[in-house]
Amino acid sequence: MDKVFNTPLAHLLGALLVLLAPIFIQGVEGTIGVNYGTDADDLPPPVQVASFLRDSTFIRRVRIFDANPEILKAFARTGISVTVNVPNDLIPQLTMLSFAQQWVEINVLPYVPATNIVRILVGNEVISTANKLLIVSLVPAMETLQAALVEKSLDRHIRISTPHFLGILSNSSPPSTGKFRPGYDIHVLKPLLEFLRATNSPFMINPYPFFDSSDNTLDYALFRPNPGVFDETTQLTYTNMLDAQLDAVFSALKLLDFEDIEIVIAETGWPSRGDPGQAGVDTGIAAEYNRKLIQHVMSGIGTPLMPNRTFETYIFALFNEDLKPGPTCERNFGLFKPDMTPVYDIGIVHPRVANAAANTDNSHTNSRTNLLLLLLVCLMCF
């Protein structure tokens, strides 16, 4: 099989597919977003970033990890939906109505409706901190913040949620046995899920097949052909790790009778660079994961337990962040360099020909259509 895909014809077909990519990526606008982190000393000004995303990419959703006023101003009148974040250390104070009201007055009211703030996340992976004060304050803080939004008639447009890492599951394999960690399931997650249901807000998770992959499971993590993983309980076969992770969360939700709540992927991604000797880390593999991720979550296929649906998904991250601590990979999840050129291409940037010659869009579309026909003929001949 490798010999077949190494032929000159195969390379020709690959080149044609690159040219045709804009035809298939158009639907990315509604569902794919990016995490815009700023833990770096070399990033462009927010106003340039906002203009770049609006004018040069198909991305129409952005999540930031605070409520940075410069960023919120920059995204005004761009049409891009913005998710802001309350830091973990403010959660206990947010349980007080006066503080929640003040937070909304300072971090939301000055920017809406010009900036399309659609979601506020209270903390990030709070349960994983094991900080008892933060954990017990999480749901009360969300409820109090909701009350502050209601007072300003913002609750119908701005939803409140909080992202979780997969460590909230005590069991995840096979996916049908997914369940939340004992203690947290009833005392924290059930009240949280009741709040999300009452406010029509999503349950947000941070699945990273990268961190759970190994040499033996790399194909499974990267949506490549593989033998699959069979779930004997459901008699379903999983062909990629992301589906298994999502369905484990769905099973845990179902166990508590909350399977109706939407699941949103708040973070996922793959680094383009790692430490010496680290397997499965380079620009080609990062591009492969994120490109196939977009195709998969947008396809409408869904997962084995959640068929026929798409997933709102935020890729981590917009930029490489050179000040992030930890191993090399943590600083190299970015889709773009500081000069806003792609680290690798996954089809989210508008075709340059379209930007350079807007009046010839139709002719270019026809040209790409002709290329598609040529591709089909080549495949038939092959």
Side-chain angles (χ1 to χ4, degrees), residues 24-36 57-63 80-83 118-119 121 124-125 159-166 168-169 172 175-176 178 180 192-193 196-197 199-213 220-224 229 231 234 236-254 258-270 286 288-318 333 335 346-348:
F24 303 108
I25 202 69
Q26 299 294 330
V28 77
E29 293 191 18
T31 303
I32 300 297
V34 291
N35 286 274
Y36 176 9
T57 79
F58 295 109
I59 296 298
R60 290 297 176 267
R61 294 177 184 268
V62 168
R63 174 202 175 186
I80 295 174
S81 299
V82 179
T83 293
V118 297
R119 192 175 288 143
L121 303 185
N124 186 46
E125 299 186 345
R159 307 295 189 207
I160 297 171
S161 190
T162 184
H164 307 275
F165 92 128
L166 292 183
I168 59 172
L169 300 175
S172 60
S176 62
F180 294 122
L192 170 63
L193 291 165
L196 296 179
R197 178 183 280 165
T199 58
N200 194 30
S201 301
F203 187 74
M204 304 187 72
I205 58 169
N206 299 339
Y208 279 92
F210 167 72
F211 289 114
D212 289 330
S213 66
Y220 185 56
L222 290 170
F223 305 93
R224 293 172 178 171
V229 176
D231 188 329
T234 59
L236 296 171
T237 298
Y238 287 81
T239 58
N240 68 82
M241 190 180 293
L242 182 67
D243 278 358
Q245 293 175 333
L246 293 172
D247 276 359
V249 172
F250 175 78
S251 295
L253 292 173
K254 187 175 182 179
F258 289 96
E259 67 268 29
D260 56 303
I261 292 180
E262 179 189 6
I263 295 174
V264 166
I265 300 173
E267 290 181 32
T268 190
W270 202 284
E288 180 181 7
Y289 175 77
N290 283 317
R291 189 183 304 114
K292 291 178 178 177
L293 166 76
I294 292 173
Q295 293 170 354
H296 187 65
V297 299
M298 293 285 301
S299 68
I301 294 173
T303 70
L305 290 181
M306 294 180 285
N308 306 317
R309 60 159 294 175
T310 59
F311 293 91
E312 182 182 337
T313 300
Y314 292 80
I315 297 175
F316 189 88
L318 182 57
F333 273 87
L335 299 175
I346 58 170
I348 61 173

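What's counted below: heavy atoms across the whole structure, side chains too, no hydrogens, waters or symmetry copies.
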Q: Using a 4.5 Å cut-off on heavy atoms from C-beta on, say whether the side chain of Ile59 contacts that of Leu318.
A: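 Result no, sub-4.5 Å side-chain heavy-atom pair not found.
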Q: Measure the shortest side-chain to side-chain distance between Thr268 and Pro209 over non-hydrogen atoms and say whether it is less than 4.5 angstrom.
A: yes
Q: Mark yes or no for whether Ser201, through its side chain, and Ile160, through its backbone, hold a donor-acceptor pair below 3.5 Å.
A: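 Yes; at least one donor-acceptor contact below 3.5 Å.
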Q: Quick one: are Gln295 and Phe223 in side-chain contact, heavy atoms under 4.5 Å?
A: no
Q: If you look at every heavy atom in Leu242 and Pro207, which pair is closest and at what distance?
A: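 Closest approach of Leu242 to Pro207: CD1-CG, 3.8 Å.
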Q: I'd like to know if the side chain of Arg224 reaches the main chain of Ala221, judged simply by a donor and an acceptor atom lying under 3.5 Å from each other, with no hydrogens or angles considered.
A: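 No: the side chain of Arg224 does not pair with the backbone of Ala221.
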Q: Which residue, Phe210, Phe333, Phe211, forms the ring pair (Phe, Tyr, Trp, His ring centres under 6.0 Å) with Trp270?
A: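 Between Trp270 and the candidates, ring pair (Phe, Tyr, Trp, His ring centres under 6.0 Å) is satisfied uniquely by Phe210.
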Q: Does a side-chain N-to-carboxylate-O contact under 4.0 Å join Glu312 and Arg119?
A: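 Yes, this pair counts.
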Q: Would you mind reporting whether Tyr314 and Ile265 have side-chain heavy atoms less than 4.5 Å apart?
A: no
Q: Determine whether Ile348 and Ile294 make a side-chain contact, defined as any pair of heavy atoms from C-beta on separated by less than 4.5 Å.
A: yes
Q: If you define the side chain from C-beta out and look only at heavy atoms, does anything of Ser161 sit under 4.5 Å from Glu262?
A: no
Q: Kindly say whether Ile315 contributes a backbone atom to a donor-acceptor pair with the side chain of Asn35 at under 3.5 angstrom?
A: yes
Q: Tell me if the NZ atom of Lys254 is crowded by more than 12 foreign heavy atoms within 6.0 Å.
A: no
Q: Mind listing the side-chain donor-acceptor pairs of residues 245-252 below 3.5 Å, one per line with the distance, residues two or more places apart or on another chain?
A:
residue: Gln245; atom: NE2; partner: Asp212; partner atom: OD2; Å: 3.0
residue: Asp247; atom: OD1; partner: Thr303; partner atom: OG1; Å: 2.5
residue: Asp247; atom: OD2; partner: Tyr238; partner atom: OH; Å: 2.7
residue: Asp247; atom: OD2; partner: Thr303; partner atom: OG1; Å: 3.3
residue: Asp247; atom: OD2; partner: Leu305; partner atom: N; Å: 2.8
residue: Ser251; atom: OG; partner: Pro175; partner atom: O; Å: 2.8
residue: Ser251; atom: OG; partner: Asp247; partner atom: O; Å: 3.0

Q: Is Asn200 close to Arg159 at the side-chain level, that is, under 4.5 Å between some pair of heavy atoms?
A: yes
Q: Which heavy atom in Gly269 sits nearest to a heavy atom in Asn290, and how many Å separate them?
A: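 Taking every non-hydrogen atom into account, CA-OD1, 3.9 Å.
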Q: Would you say Asn240 and Lys292 make side-chain contact, with heavy atoms under 4.5 Å?
A: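 They are not in contact (no side-chain heavy atoms under 4.5 Å apart), so the answer is no.
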